[in-house]
Colleague: 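Structure incoming, see below.
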Amino acid sequence: MMIPAGAWRRTAVGAGLLGPNGEVSPTIFAEMTALAVAEDAINLGQGFPDEDGPREVLDEARRAIADGENQYPPGRGIAPLREAIAAHRARFYGLSADPDTEIIVTAGATEALAATLLALCDGPDDEVVVFDPCYDAYAAAVALAGARLRRVPMRWPDFAPDLDALARAVTDRTRIILLTDPHNPTGTVLTEDARREIVRLAERHNAVIVTDEVYEHLSFGARFRPIAQIPGAAERTVSISSAGKTFRTTGWKVGWLIAPAPLATAILTVKQFLTYAGGTPFQAAIARGLALPDRYFAELAGSMAAAQTALGDALRDAGFEVSAPVATYFTVGDAAGVGGADAAAFCRELPASIGVAAVPLAAFVADEHRAAYASLVRFAACKRPEVIAEAARRLQLLGAATTR
Ligand code: PMP
Ligand code: GLN
């Protein structure tokens, strides 16, 4: 049967998700993971850890299941998790949030983003400003919300956001300034100046700031500070995070958002008709995780710093020019020197040629910006040291092949 035309087509905006015959193609992450599995390659493409999260968190999920915590949670999420989110926010950032009115638990950060964009955008006159490259779900969710995306470039090699371009992009049509901080795929964090400028522009044009902070505990070369700390920001900011990265539980899809009560209410009205609610025993487990001592969070960031250093060295030794990430799972390499002038083609061949998978940065950028990112490749470092070491060995083969 022909798939009827519908909103699904709009998910293709800027993301190349429709195949030549109108069929839905997988996301770049699913595509590269499928290639990695088919070729038995080391998967440095899709960002997910290859180790389980902390024992206390896993045990708490088992306990909750065994104790019968298996029915629908409240739409906003179970009270202990909302309280733990508020306590975590106060402990790490000195920010307060009311668990009853300002916090909503979601099916991952992805649902929080989708519900926020659907709730707050109202048609094609509304614009959402993002930094480019940006996470692939943003373009799709903005398109589903029927709004328009405006992209402000971050340029290789330092990926500093162009604040002059931002000031030109934000206008009275801007409904939302949508940030990722720390930033996937570039591994940067916003500077204080950038955060202040974003808040100034949002205030001037009465825009909402939506900030996706799923890598909040994975900064190591620079300190991550949430934009909601800037004076004037919290009252217009929706802060989104997720347990996936912080507790190595990407498959649990427990996320949350923190927003002023009127914004949270608007978002909840949409969210209740997306999933309504889910993951009761996992919510209990993440409440336990958020209460872990500071040491847990420091060690998580420390292990990522070591993994990123090892990955960066491996890429440099193999002939890539390499970015200097200060946060997240990701290092970006310029593959021009190793036969990867067209990184999209390069990434499709890599699993078969040397047994490593990665994703091209072109998948995160607008069509009109693609040329500037054509040879750039994102590698994920969230793997055990011995796996990174084996990837390093395989990447050396690439250098050998290209010099022959
Ligand atoms: N935002 C960013 C920037 C991400 O990298 C990811 C993927 N982990 C998500 C959102 C999705 O998060 P979740 O799996 O919690 O839906
Ligand atoms: N967030 C993960 C990444 O950037 C992928 C999540 C997904 O597969 N959609 O690699």
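Keep in mind that the numbers below use all heavy atoms, side chains included, and drop hydrogens, waters and symmetry copies.
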Colleague: When you measure from the side chain of Thr246 to the backbone N and O of Ala243, does any donor-acceptor pair fall under 3.5 Å?
Modeller: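 Side chain of Thr246 to backbone of Ala243, a donor-acceptor pair under 3.5 Å: no, none is there.
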Colleague: Tell me the closest heavy-atom pair linking Trp156 and Val322, and the distance in Å.
Modeller: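 Looking at all heavy atoms of both residues, the shortest contact is CH2-C, 4.0 Å.
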Colleague: Quick one: does Thr171's side chain have a donor or acceptor within less than 3.5 Å of a partner on Arg173's backbone?
Modeller: yes
Colleague: Mind checking whether Thr116 and Ile240 have side chains closer than 4.5 Å, heavy atoms only?
Modeller: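 Yes, their side chains come closer than 4.5 Å.
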Colleague: Would you indicate whether the side-chain heavy atoms of Asn70 and Pro281 approach each other to under 4.5 Å?
Modeller: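 Yes, close enough: below the 4.5 Å cut-off.
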Colleague: Does the pair Ile286 and Thr249 meet the rule for a side chain to side chain contact (heavy atoms under 4.5 Å, CB included), with working shown?
Modeller: CA-CA 9 Å; Ile286 298 308; Thr249 51; 4.1 Å; yes
Colleague: Do any N or O atoms from the side chain of Arg82 and from the backbone of Pro99 form a donor-acceptor pair under 3.5 angstrom?
Modeller: yes
Colleague: Calculate, to the nearest 0.5 Å, the distance between atoms CZ and CG belonging to Phe320 and Leu376 respectively.
Modeller: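 These two atoms lie 10.5 Å from each other.
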Colleague: Would you call Thr237 and Val208 a side-chain contact if the rule is heavy atoms closer than 4.5 Å?
Modeller: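 When only atoms from C-beta onward are counted, Val208 and Thr237 do not touch, as no gap falls below 4.5 Å.
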Colleague: Less than 4.0 Å between a side-chain N and a carboxylate O, is that true for Glu69 and Arg63?
Modeller: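 Here Arg63 pairs with Glu69 in a salt bridge, since their nearest N and O are under 4.0 Å apart.
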Colleague: Quick one: salt bridge (charged side-chain N to carboxylate O under 4.0 Å, His left out) pairs with a partner in residues 110-126, sequence neighbours left out?
Modeller: Glu111-Lys271, Asp126-Arg175
Colleague: Can you list the steps and then say if Arg384 with Glu51 is a side chain to side chain contact (heavy atoms under 4.5 Å, CB included)?
Modeller: CA-CA 7 Å; Arg384 284 166 290 141; Glu51 282 180 294; 3.5 Å; yes
Colleague: Ignoring hydrogens and geometry beyond distance, is a side-chain donor-acceptor pair present between Asn184 and Thr328 at under 3.5 Å?
Modeller: no
Colleague: To the nearest 0.5 Å, what is the distance between CZ on Arg155 and CG on Asp132?
Modeller: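 The CZ atom of Arg155 sits 8.5 Å away from the CG atom of Asp132.
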Colleague: Which heavy atom in Thr101 sits nearest to a heavy atom in Arg76, and how many Å separate them?
Modeller: O-NH1, 3.6 Å
Colleague: Can a donor-acceptor pair be found, under 3.5 Å and without considering hydrogens, that links the side chain of Asp181 to the backbone of Leu190?
Modeller: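 Checked: pair present.
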Colleague: With the side chain counted from C-beta on, respond yes when Pro157 and Ser323 share a heavy-atom pair under 4.5 Å apart, and no when they do not.
Modeller: no
Colleague: Between Phe330 and Phe379, does the ring centre distance come in under 6.0 Å?
Modeller: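 Judged by ring-centre distance (under 6.0 Å), Phe330 and Phe379 do not meet the cut-off.
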Colleague: For Arg196 and Asp193, run salt bridge (Lys or Arg N to Asp or Glu O under 4.0 Å): C-alpha distance rounded to whole Å, both residues' side-chain angles, the deciding distance at 0.1 Å, then the answer.
Modeller: CA-CA 5 Å; Arg196 285 191 184 279; Asp193 284 351; 5.9 Å; no
Colleague: Working to the nearest 0.5 angstrom, can you tell me the gap between Cys134 SG and Leu179 CG?
Modeller: 11.0 Å
Colleague: What distance separates Leu178 CG from Thr211 OG1, expressed to the nearest 0.5 Å?
Modeller: 8.5 Å
Colleague: Does any non-hydrogen side-chain atom of Met32 lie less than 4.5 Å from one of Leu350?
Modeller: no
Colleague: State, yes or no, whether a side-chain contact exists between Tyr373 and Pro153 at a heavy-atom distance under 4.5 Å.
Modeller: yes
Colleague: Compare every heavy atom of Cys121 with every heavy atom of Ala145, then report the nearest pair and how far apart it is.
Modeller: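 It is CB-CB, 4.1 Å.
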Colleague: Any side-chain donor paired with an acceptor under 3.5 Å for Ser241 and Glu216?
Modeller: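 Yes - a donor-acceptor pair under 3.5 Å links their side chains.
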Colleague: The test is side chain to side chain contact (heavy atoms under 4.5 Å, CB included); show your working for Asp317 and Leu395 and say whether it passes.
Modeller: CA-CA 8 Å; Asp317 287 351; Leu395 285 161; over 6 Å; no
Colleague: Between Gln283 and Ile78, is there a donor-acceptor pair closer than 3.5 Å when you use the side chain of the first and the backbone of the second?
Modeller: yes
Colleague: At their closest point, which heavy atom of Ala285 faces which heavy atom of Glu60, and how far apart are they?
Modeller: CA-CG, 3.6 Å
Colleague: Taking the side chain as everything from C-beta on, heavy atoms only, tell me whether Leu315 gets closer than 4.5 Å to Thr331.
Modeller: yes
Colleague: Quick one: does any side-chain atom of Thr27 pair with a main-chain N or O of Ala30 as donor and acceptor, under 3.5 Å?
Modeller: yes
Colleague: If every non-hydrogen atom of Cys347 is compared with every non-hydrogen atom of Pro360, which pair is closest and at what distance?
Modeller: SG-N, 3.6 Å
Colleague: So how far is it from Ile103 CD1 to Leu81 CG, rounded to the nearest 0.5 Å?
Modeller: 8.5 Å
Colleague: Any luck finding a side-chain donor-acceptor pair between Thr186 and Thr188 under 3.5 Å?
Modeller: yes
Colleague: When you measure from the side chain of Thr174 to the backbone N and O of Ile176, does any donor-acceptor pair fall under 3.5 Å?
Modeller: no
Colleague: Salt-bridge test for Arg316 and Asp313: reply yes if a basic N is under 4.0 Å from a carboxylate O, no otherwise.
Modeller: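 Salt bridge present between Arg316 and Asp313.
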Colleague: Do you know the tightest heavy-atom contact between Gly289 and Phe297?
Modeller: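 Heavy atoms only, the tightest pair is O-CZ, 3.7 Å.
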Colleague: Between the main-chain N or O of Pro260 and the side-chain N or O of Glu235, is there a donor-acceptor pair closer than 3.5 Å?
Modeller: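 Looks like no, no N/O pair under 3.5 Å.
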Colleague: Looking at side-chain heavy atoms only, is the closest gap between Phe131 and Asp162 below 4.5 Å?
Modeller: no
Colleague: Look only at the side chain of Ser375 and the backbone of Ala341, and say whether a donor-acceptor pair between them is shorter than 3.5 Å.
Modeller: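 Answer holds: no.
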Colleague: Does CZ in Arg204 sit with more than 12 non-hydrogen atoms of other residues, nucleotides or ligands closer than 6.0 Å?
Modeller: no
Colleague: How would you list, by chain and number, every residue that makes a side-chain contact (heavy atoms from CB on, under 4.5 Å) with Ala114, sequence neighbours excluded?
Modeller: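 Residues passing side-chain contact (heavy atoms from CB on, under 4.5 Å) with Ala114: none at all.
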Colleague: So for atom CZ, which belongs to Arg195, do other residues, nucleotides or ligands contribute more than 12 heavy atoms lying within a distance under 6.0 Å?
Modeller: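 Result for CZ/Arg195: enclosed.
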Colleague: Can you confirm whether or not the ring centre of His88 sits under 6.0 Å from the ring centre of Phe92?
Modeller: yes
Colleague: Does the pair Val377 and Val359 meet the rule for a side chain to side chain contact (heavy atoms under 4.5 Å, CB included), with working shown?
Modeller: CA-CA 6 Å; Val377 178; Val359 294; over 6 Å; no
Colleague: Cation-pi between Lys383 and Phe48: NZ/CZ under 6.0 Å from ring centre and within 45° of the ring axis?
Modeller: yes
Colleague: Does one side chain, of Gln308 or Tyr329, offer a donor that lies under 3.5 Å from an acceptor on the other?
Modeller: no
Colleague: Rounded to the nearest 0.5 Å, what separates atom CG in Asp164 from atom CD in Glu197?
Modeller: 8.5 Å
Colleague: Is it the case that the side chain of Thr180 and the backbone of Asp212 share a donor-acceptor pair, with hydrogens and angles ignored and the cut-off at 3.5 Å?
Modeller: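 No.
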